[in-house]
Amino acid sequence: MATLPNASLFTKNVAASLERSEVVVEVAAKPAVAKVVREGFQVPAVTLNQQAADFFIGNLEVLQPRQTPRVLTQSIKPGTKVTLGTVVDLVLAPSTLIPFNIFDNVHADLAQRNVSDLLDGMLADPATRQTVLKYEKADDLPAADRSALTERFNAADVRIDEASASTSFAAAFNAARGALAFK
């Protein structure tokens, strides 16, 4: 939040900006300072040798998005507004390590696999991804989309058998939606 050093100056700036259709943002004299905490202690600021740092950074291997860790859980309920300075603990893992069995009602053929199996497989196809994201529930899919997804699941060794809830289309569809949360 910005602090206003002089309210009358602010009022004049706002009035002038409204006449010119500009937006004025007043900010504090000092920049915001992030407080990063690890293992209960604030991470100290570091002064870098710029030449050595530039060389090091220039030679780093670029991580592909699928290797970037994703948030699994956080200490505060998602969507909760918190005050400035509130500590939020995050648990992160790459999708290659996130097992499907952490989801409720997971499809039996996916129970011993990781979400990256579908993300790098059938869900790598943009059309398939869009179809899965377009519908909230498996029952909402039109017959043509359901048939196309069933073919994609079969190609990914996820057999669909409506005789059992653990191998149903709904279980596979829900697992695919869950996997996309970690894309």
Side-chain angles (χ1 to χ4, degrees), residues 1-18 20-50 53-54 56-57 60-107 110-111 113-120 123-124 126 129-140 170-183:
M1 175 174 263
T3 58
L4 303 174
N6 183 337
S8 63
L9 178 62
F10 174 74
T11 306
K12 291 176 188 173
N13 286 344
V14 170
S17 69
L18 289 175
R20 295 187 306 260
S21 297
E22 294 178 358
V23 175
V24 174
V25 178
E26 298 285 341
V27 295
K30 296 180 189 176
V33 177
K35 183 175 183 179
V36 179
V37 178
R38 288 195 190 115
E39 298 178 358
F41 295 95
Q42 184 168 345
V43 176
V46 178
T47 304
L48 300 175
N49 172 330
Q50 197 60 50
D54 288 345
F56 173 74
I57 292 170
L60 284 175
E61 183 179 330
V62 175
L63 286 177
Q64 297 304 315
R66 66 181 179 77
Q67 296 171 313
T68 305
R70 302 293 192 233
V71 175
L72 287 175
T73 62
Q74 61 187 42
S75 60
I76 296 176
K77 183 179 175 183
T80 303
K81 291 185 179 188
V82 297
T83 60
L84 181 66
T86 300
V87 175
V88 180
D89 294 325
L90 303 175
V91 176
L92 298 108
S95 63
T96 55
L97 297 180
I98 302 170
F100 272 106
N101 65 8
I102 67 170
F103 301 142
D104 282 336
N105 306 318
V106 69
H107 190 283
L110 295 170
R113 293 163 65 180
N114 294 329
V115 298
S116 62
D117 290 348
L118 285 188
L119 291 176
D120 296 340
L123 295 173
R129 234 183 3 258
Q130 290 168 5
T131 301
V132 171
L133 290 171
K134 186 175 181 179
Y135 303 100
E136 292 281 327
K137 299 180 292 187
D139 293 339
D140 296 341
F173 180 79
N174 292 337
R177 283 187 60 85
L180 285 172
F182 300 101
K183 176 82 177 131

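The figures here come from the full heavy-atom set of this structure, side chains too, leaving out hydrogens, waters and symmetry mates.
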State, yes or no, whether a side-chain contact exists between Arg177 and Glu136 at a heavy-atom distance under 4.5 Å. yes
Nearest 0.5 angstrom please: Asp140 CG to Phe173 CZ, how far? 7.5 Å
Pro69 to Leu92 - nearest heavy-atom pair and separation: CB-CB, 3.8 Å
On a heavy-atom basis, which atom in Ala138 and which in Ala170 lie closest, and how many Å separate them? CB-CA, 3.6 Å
d(Asp117 CG, Ser95 OG) to nearest 0.5 Å is 9.5 Å
Shortest non-hydrogen contact between Thr83 and Thr86, atoms and distance: O-OG1, 2.7 Å
Test item: Arg113 side-chain N/O and Phe100 main-chain N/O as donor-acceptor pair under 3.5 Å: no
Check the surroundings of atom CG in Asn105: do more than 12 heavy atoms from other residues, nucleotides or ligands lie under 6.0 Å from it? no
To the nearest 0.5 Å, what is the distance between CG (Leu119) and CZ (Arg129)? 9.0 Å
Gap separating the CG atom of Leu180 from the CG atom of Leu133, nearest 0.5 angstrom: 5.0 Å
Working to the nearest 0.5 angstrom, can you tell me the gap between Arg70 CZ and Leu90 CG? 13.5 Å
How many angstroms lie between atom CG of Asn101 and atom NE2 of His107, to the nearest 0.5 angstrom? 15.0 Å
What closest approach, in Å, do Ala179 and Leu123 show between heavy atoms, and which atom pair accounts for it? CB-CD1, 4.1 Å
So do Ile98 and Asn114 actually touch side chain to side chain, heavy atoms under 4.5 Å? no
